[in-house]
Number of protein chains: 2
Amino acid sequence: MPASDDAPLSVWLRPEKPPRDRRLTRDRIVGRTVEILDAEGHRGLSMRRVATDLGVTAGSLYWYVTTKDELLELALDAVLGEVLADLRAAPAPGWREGLARLARSTRAMMLRHPWVVSDLTAQPNLGPNALALAEAGLAVLSRAGFAERDLDAALAAVNDQVTGAVAAEITWRTVTARAAARWPGEAGDLLAGLHRDHPRLARRMAAATGVDVDAECDRRFTFALDCLLDGLALRLAGGNGGDTTVGAPRGT
Amino acid sequence: MPASDDAPLSVWLRPEKPPRDRRLTRDRIVGRTVEILDAEGHRGLSMRRVATDLGVTAGSLYWYVTTKDELLELALDAVLGEVLADLRAAPAPGWREGLARLARSTRAMMLRHPWVVSDLTAQPNLGPNALALAEAGLAVLSRAGFAERDLDAALAAVNDQVTGAVAAEITWRTVTARAAARWPGEAGDLLAGLHRDHPRLARRMAAATGVDVDAECDRRFTFALDCLLDGLALRLAGGNGGDTTVGAPRGT
DNA sequence: ACCTGAACACCGTTCAAGT
DNA sequence: ACCTGAACACCGTTCAAGT
């Protein structure tokens, strides 16, 4: 007969103490955060969600992180590490190809983690990987012989072009994907008015809908990148730092 | 003596029926939304806040708008109208100056309404002002003689450069503003490690902290824009659409 | 040191019911 | 047609209390 009503019936009915390896870590929290963001975007991410995924209460996350924004900062720097790894895996033959690889690698990372775009435009971005990435970019430009005062402006130009382009690419991709699912009812009126009021835009949109989305995105991305790199090449060859007039180019 | 206990005591104690002009409109809702976003950012915006500001319940907004995202779409297009007004106020003398004005006007608008950056990277952006703006940009490039298939890519390049640059500018401005308030404790360690691990980045950051923030932001913005426009000029003059090699420039 | 459980002050959205 | 009031299912964050 039982000793008392609330004495334990058996060890097996009483859950084992949580083992050491089930404990939390910043890495484990950030890792799970990235996975949730990849799978469900910012809408799917909540402190409670991360916590329950890790078998823990929401409040316990605040032992490792003081705010949700901090968690996003950590997640951002984590995926920037992927770009850094790409860069270190392949040595850059010249400044132009070096910047192009940085741009392409960043774009690929952003398409793998579409949520970083909104993070990049709202976070301080001072993590170790972000700093290392900036240093690597500056090194490429510095070795190429760019003027000291143009180093950061040139790197920023490339980075800003990439983030802006990929941001537009992502929204374009999601819009076309959703529009294709429930065509043509909702967008029909818009297209009709478009031909009447904005003929050039209508023509361009018609030309873009037929072709392969991936190919079109690639084309626009490399077009903008090439334009920008050409402009930077002019500044390197002419040596007219700060002047807006175009000097004589000397190739790459 | 009173007729009954729940009969009205006096007209003056009974609130007048709400007048017609206190009723809601999409314009009034969007207008108040923009004001709140300007003053307090995305964090300060909630359906309840907009509603109470307009003297109304939160639920009533859903008669005019089916979701909060829709409200943000409307707010985005509203401020894009400011750029359109700028463009129409001053005629563009040439394609290069036309694009430059578009870029500068867009940047000024974004600095007035910093919240649009996160909107632009997360919203479909198919409003009437957005469409009119795109058509105007395409018209400028088309008249300049750009190849038909390059029209949208070239316009997108400029727009993406602007949004990327202003996004970086805004976060840079807010970080430096907050950092200056509680200097040097928190950022001291970061700067110390910076000199050791990332010398070039440390040198560039040191060069940027002394100078006027506005002037530095202007410099970087025009640097990137000039580079991009130079690259576009090459494509216009050489007629080598799609080729990445640099042709001979012929000025603006 | 690390985590729980419960609470606080919010959210967006829905929907019967009123006028 | 337009708005209220109340509810539903969530949020981020805090903090005593446990171990």
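What's counted below: heavy atoms across the whole structure, side chains too, no hydrogens, waters or symmetry copies. To find a chain, count down the sequence lines: A is the first, B the second, and so on, and within it residues start at 1.
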*Applying side-chain contact (heavy atoms from CB on, under 4.5 Å), run through B:Leu45 and B:Glu40 and close with a yes or a no.*
CA-CA 7 Å; B:Leu45 184 78; B:Glu40 310 177 34; over 6 Å; no
*Can you check side-chain contact (heavy atoms from CB on, under 4.5 Å) on B:Leu133 and B:Asn129, steps first, answer last?*
CA-CA 6 Å; B:Leu133 220 45; B:Asn129 288 329; over 6 Å; no
Could you list all N or O pairs between the protein and nucleotides 8-11 of chain C that sit under 3.5 Å apart?
| residue | atom | partner | partner atom | Å |
| --- | --- | --- | --- | --- |
| C:dC11 | OP1 | B:Ser46 | OG | 3.4 |

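Using a 4.0 Å cut-off, some side-chain N or O of A:Ser60 falls inside it from OP1 or OP2 of C:dT4. Phosphate proximity of C:dC2 to A:Arg23: absent, as no side-chain N or O sits under 4.0 Å from OP1 or OP2. At least one side-chain nitrogen or oxygen of A:Tyr64 sits closer than 4.0 Å to the OP1 or OP2 atom of C:dC3. Taking 4.0 angstrom as the limit, B:Thr67 places none of its side-chain polar atoms (N or O) nearer than this to OP1 or OP2 of C:dG12. Proximity of A:Trp63 to the phosphate of C:dC3: no side-chain N or O atom is located under 4.0 Å from OP1 or OP2.
In this entry the distance linking CG of B:Leu61 with C1' of D:dT4 reads 12 Å, nearest Å. Between A:Glu70 atom CD and D:dG12 atom C1' the separation is 14 Å, expressed in whole Å. Here the P atom of nucleotide C:dT4 and the CG atom of A:Leu54 are 11 Å apart, to the nearest Å.
Checking each of A:Arg107, A:Arg219, A:Arg220 against A:Glu169 for a salt bridge (charged side-chain N to carboxylate O under 4.0 Å, His left out) leaves exactly one that passes, namely A:Arg107.
With hydrogens and angles ignored, the 3.5 Å screen pairs a side-chain donor or acceptor of A:Tyr64 with a backbone N or O of A:Leu24.
Of the candidate nucleotides C:dG12, D:dT14, D:dC3, C:dG12 has the atom nearest to the side chain of B:Tyr62. Closest contact between the side chain of B:Ala58 and the listed nucleotides D:dT13, D:dC3, C:dT13 involves C:dT13.
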*asked:* Please convert DNA chain C into dot-bracket. A pair counts if it is Watson-Crick or G-U wobble with both distances under 3.5 Å; crossing pairs go in [ ] and bases paired with another strand get |.
replied: ||.|||||...|||||.||
